Trainee: 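Input: one structure, supplied below.
The model shown is predicted, which means the values in this text are computed figures rather than measured ones.
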2 protein chains.
Amino acid sequence: MDTTDSESASTPQTRAGAGTTRADRRVQRASMADVARLAGVSSQTVSRVSNGYSGVTEETRQQVLAAMKELGYRPNSAARALKRGEFRTIGVITFSLATTGNVRTLEAIATSAAHEGYAVTLLPVAVPTQDEVRGAFSRLGELAVDAVIVIMEVHLLDAATVSLPPGVQVVVADSDAGDRYSVVDTDQAGGTRAAVRHLLDLGHRTVWHLAGPQESFAAQRRADAWRVTLTDAGCAPPPLVRGDWSAESGYQAGLRLADEADCSAVFAANDQMALGLLRALHERGRRVPEDVSVIGFDDIPEAGSFLPPLTTVHQDFAEVGRRCVEGVLRQMREDGEEMTEPGTTLVPTRLVMRGSTASPPSPSSPSSL
Amino acid sequence: MDTTDSESASTPQTRAGAGTTRADRRVQRASMADVARLAGVSSQTVSRVSNGYSGVTEETRQQVLAAMKELGYRPNSAARALKRGEFRTIGVITFSLATTGNVRTLEAIATSAAHEGYAVTLLPVAVPTQDEVRGAFSRLGELAVDAVIVIMEVHLLDAATVSLPPGVQVVVADSDAGDRYSVVDTDQAGGTRAAVRHLLDLGHRTVWHLAGPQESFAAQRRADAWRVTLTDAGCAPPPLVRGDWSAESGYQAGLRLADEADCSAVFAANDQMALGLLRALHERGRRVPEDVSVIGFDDIPEAGSFLPPLTTVHQDFAEVGRRCVEGVLRQMREDGEEMTEPGTTLVPTRLVMRGSTASPPSPSSPSSL
DNA sequence: GGGTGTTATGTTTACGTAAACATCTGGTGG
DNA sequence: CCACCAGATGTTTACGTAAACATAACACCC
């Protein structure tokens with residue numbers, strides 16, 4: 001059925017005759033010229049077929065497609081990128097993939113990007129020193145990337161004096177803005193407010209906060225929102241307790257909190273710390289949720305299997321990733337023309353009720369049944 | 001101090017005079033020609049400086065460097081890739097970043113690759129259907145990638161008839177071999193053996209196994225090793241219980257196991273399921289480790305904060321990632337020449353003792369103190 | 001029946017880099 | 001003093017693709 005008279009002479013060797021001292025890469029891939037030769041057309045026609053342009057007879061098209069198939073032709077993306085001036089690739093720069101949030105965001109970014117025909121190149125920066133960031137960014141400069149999404153604290157970026165290569169758009173996820181870049185972030189304040197109010201509504205006199213590390217803007221904003229919500233409700237915020245996001249730090253903090261007699265409700269800034277907290281409270285004989293209510297942030301997949309199952313603030317990382325990609329692509333299209341200014345996009349959260357929160361023990365309120 | 005008489009005429013516009021209908025990308029990056037013009041040398045000399053070749057006077061070199069700096073020159077990686085025939089990029093194809101193992105492996109791959117001057121491009125395949133794999137791979141075909149590392153079950157690869165573009169090396173992580181590709185994997189059998197023996201040494205009569213999903217080779221191998229170890233020790237393997245890696249499935253399985261009177265020790269195929277298992281046992285009033293010992297696999301960071309802290313088999317994902325990169329790079333260097341055949345590299349594990357294992361309750365053995 | 005489109009296809013050229021080859025300089029030795 | 005060499009630098013060319021510009025073939029209309 002094929003119209004091609006295949007099996008013909010032309011093997012996929014470009015310019016075989018010229019006695020050039022070819023680098024010994026034996027696996028020479030077929031180029032457009034090879035396909036063109038086999039199909040008996042010009043390479044431009046192959047290009048047209050390859051890019052799905054109109055203006056090619058169906059018959060010719062079929063011949064070209066057959067030739068492509070026979071030679072196993074794949075467009076050379078380097079040449080394509082060179083010609084088009086774009087790589088169809090988005091770079092993602094991040095400190096670590098150790099946190100759930102970063103990973104989920106990255107995954108969503110990769111998926112969305114793939115959906116838009118973009119590849120994602122990963123630029124991990126192991127140690128969050130300024131120099132490392134500089135390194136990653138200068139590497140990005142010569143990297144095949146049209147845009148960059150940054151998942152990390154932007155003040156480290158600000159500190160790094162590396163200018164991104166011009167023409168590369170940047171969107172920052174999960175961090176403070178800076179007025180220089182667009183930001184997509186979870187609605188930290190909203191989520192925090194929901195969590196704290198939930199505890200107050202249950203009758204708790206006040207809510208303690210197990211915060212994330214000082215350097216983290218997310219932690220900062222959660223702590224701020226916690227304080228504001230309490231103040232607005234007329235409650236005095238107890239002293240802040242800090243962890244470093246890890247379960248172990250939550251455990252350490254929990255040992256201290258367990259000794260606070262008036263501590264009946266704790267809002268942990270993430271689920272891992274909440275896990276450690278649960279362990280500490282358990283060890284100290286304080287029952288959750290009967291004696292102490294605990295609420296987390298993130299809603300990691302395991303949260304429902306904690307002892308007890310953790311009430312927590314669900315973050316929609318997938319949405320964050322999606323909007324990041326959307327953001328950079330939009331910026332790329334707009335390019336120079338009156339740049340939409342760097343606003344911040346907030347992705348809403350949702351409070352997930354599970355078993356770690358309840359009304360406080362009797363003395364304070366025998367209210368709810 | 002600079003030898004350059006900067007501020008001169010040449011703005012970074014390539015071939016400004018030629019009235020070509022330039023695509024309106026205003027952010028024209030400086031090319032070698034621009035640098036050459038400013039430095040008053042040929043572009044070839046710029047190339048030599050850029051690549052650190054010898055045969056350039058120190059004086060000339062400094063001039064070129066100054067010009068580069070002034071123009072903010074960055075080599076165009078597309079052109080470079082086109083010329084050199086390699087992208088210095090490794091593609092990573094994976095189903096999901098939902099599991100700790102994949103993520104940690106990926107992270108290590110990215111780090112190692114960066115260390116070797118390679119970038120990492122992410123190719124996530126959301127749904128593990130055959131078609132999806134085919135999609136990812138055909139995309140990879142035209143992607144700017146010199147090698148591919150696959151983190152997934154290879155039988156799906158085998159099933160997919162997509163031939164990778166020739167010249168692309170493949171290493172498979174965390175999966176079954178196939179004799180076609182090199183494999184780097186955790187020593188599943190060794191880890192399992194250590195775990196099961198540990199429980200037997202504690203005096204347990206036998207060990208139950210909460211296995212991972214059937215499709216997973218890792219799960220399969222852990223289950224196999226579990227069975228063999230028991231048999232070798234003269235124990236009758238109890239019926240296999242299956243989960244799907246998730247904590248929730250571990251919980252479900254745990255509810256069933258809690259009712260098995262003679263179940264005093266469980267080896268869970270990963271930590272998440274162990275977590276669910278712990279919850280189920282707790283709910284059913286079976287104390288861990290007093291009544292039932294539980295051991296996991298992976299050693300996720302949270303494992304130490306479970307209730308009780310989980311004894312588990314530590315996997316060195318970082319090492320797996322490192323060896324994957326090492327593997328593809330080695331293959332690339334060897335290229336055609338007598339290809340080292342696809343062997344399997346095993347990364348050793350380590351048993352981490354924590355609080356979830358102990359000697360069985362009195363009736364069976366009053367042995368250890 | 002010769003303009004005038006319109007459509008299918010071929011030819012030229014440029015993208016930015018770097019290998020291969022050419023040239024040019026200054027020095028060395030017979 | 002010139003042939004010769006080595007090192008520094010310039011010139012040409014090719015990598016594979018696709019835009020821009022030909023050209024060729026054919027249909028249509030007055």
Trainee: Tell me the interatomic distance from B:Lys83, atom NZ, to C:dT17, atom C1', rounded to whole angstroms.
Mentor: 7 Å
Trainee: Checking the side chain of A:Arg61 only, and the main-chain atoms of A:Gly52 only, is there a donor and an acceptor separated by less than 3.5 Å?
Mentor: no
Trainee: Protein-nucleotides 22-25 of chain D N/O pairs closer than 3.5 Å?
Mentor:
none

Trainee: Check the distance between D:dT9's C1' and B:Glu59's CD and give it to me in whole angstrom.
Mentor: 13 Å
Trainee: Calculate the interatomic distance between A:Asp34 atom CG and D:dC15 atom P; express it in whole Å.
Mentor: 10 Å
Trainee: Keeping A:Asn51 on the side-chain end and A:Tyr53 on the backbone end, is there a donor-acceptor pair under 3.5 Å?
Mentor: no
Trainee: Below 4.0 angstrom from OP1 or OP2 of D:dA20, is there any side-chain N or O of A:Tyr53?
Mentor: no
Trainee: For the backbone of B:Ala33 and the side chain of B:Ser31, can you confirm whether one donor and one acceptor N or O come within less than 3.5 Å of each other?
Mentor: yes
Trainee: Take A:Val92 and A:Thr121, measure what side-chain contact (heavy atoms from CB on, under 4.5 Å) needs, and give me the verdict at the end.
Mentor: CA-CA 6 Å; A:Val92 175; A:Thr121 286; over 6 Å; no
Trainee: Return the value, rounded to whole Å, for the distance between atom CZ of A:Arg37 and atom P of D:dT17.
Mentor: 12 Å
Trainee: Restricting to nitrogen or oxygen on both sides, can you table the protein-nucleotides 8-11 of chain C pairs closer than 3.5 Å?
Mentor:
| from | atom 1 | to | atom 2 | distance (Å) |
| --- | --- | --- | --- | --- |
| C:dA8 | O3' | A:Thr57 | OG1 | 2.8 |
| C:dT9 | OP1 | A:Thr57 | OG1 | 3.1 |
| C:dT9 | OP1 | A:Thr60 | OG1 | 2.5 |
| C:dT9 | OP2 | A:Thr57 | N | 2.8 |
| C:dT9 | OP2 | A:Thr57 | OG1 | 3.0 |
| C:dT9 | OP2 | A:Thr60 | OG1 | 3.3 |
| C:dG10 | OP2 | A:Ser42 | N | 2.8 |
| C:dG10 | OP2 | A:Ser42 | OG | 3.0 |
| C:dG10 | OP2 | A:Thr45 | OG1 | 2.8 |
| C:dG10 | N7 | A:Arg48 | NH2 | 3.0 |

Trainee: Check this one for me: any side-chain N or O of B:Asn51 less than 4.0 Å away from OP1 or OP2 of C:dT17?
Mentor: no
Trainee: Do side-chain atoms of B:Asn102 reach the backbone of B:Leu97 as a donor and acceptor pair under 3.5 angstrom?
Mentor: no
Trainee: Could you walk me through whether B:Ile109 and B:Ile151 pass side-chain contact (heavy atoms from CB on, under 4.5 Å), step by step?
Mentor: CA-CA 11 Å; B:Ile109 288 172; B:Ile151 314 182; 4.1 Å; yes
Trainee: Could you tell me the separation between the CZ atom of B:Arg88 and the P atom of C:dA18, rounded to a whole number of Å?
Mentor: 12 Å
Trainee: Okay, side chain of B:Ser112, backbone of B:Ala108: is any donor-acceptor separation there less than 3.5 Å?
Mentor: yes
Trainee: With each end axis built from five pairs of C1' atoms, what bend angle do you get for the helix from C:dG1-D:dC30 to C:dG30-D:dC1? Round to 10°.
Mentor: 60°
Trainee: Is a side-chain donor-acceptor pair under 3.5 Å present for A:Ser42 with A:Arg37?
Mentor: no
Trainee: Knowing that exactly one of B:Leu122, B:Thr111, B:Thr94 qualifies, which makes a side-chain contact (heavy atoms from CB on, under 4.5 Å) with B:Leu106?
Mentor: B:Leu122
Trainee: Would you say A:Asp146's side chain and A:Arg88's backbone share a donor-acceptor pair under 3.5 angstrom?
Mentor: yes
Trainee: Classify the side-chain pair A:Gln331/A:Ser182 by whether it contains a donor and acceptor separated by less than 3.5 Å.
Mentor: yes
Trainee: Reckon A:Ser31 has a side-chain N or O less than 4.0 Å from the OP1 or OP2 of D:dG16?
Mentor: no
Trainee: How many Å lie between CG on B:Leu71 and P on C:dG16, as a whole number?
Mentor: 14 Å
Trainee: Measure from the side-chain heavy atoms of A:Arg84 and tell me the nearest of D:dA18, C:dT17, D:dT17.
Mentor: D:dA18
Trainee: Nearest of C:dT17, D:dG16, D:dT17 to any side-chain atom of B:Leu82?
Mentor: D:dG16
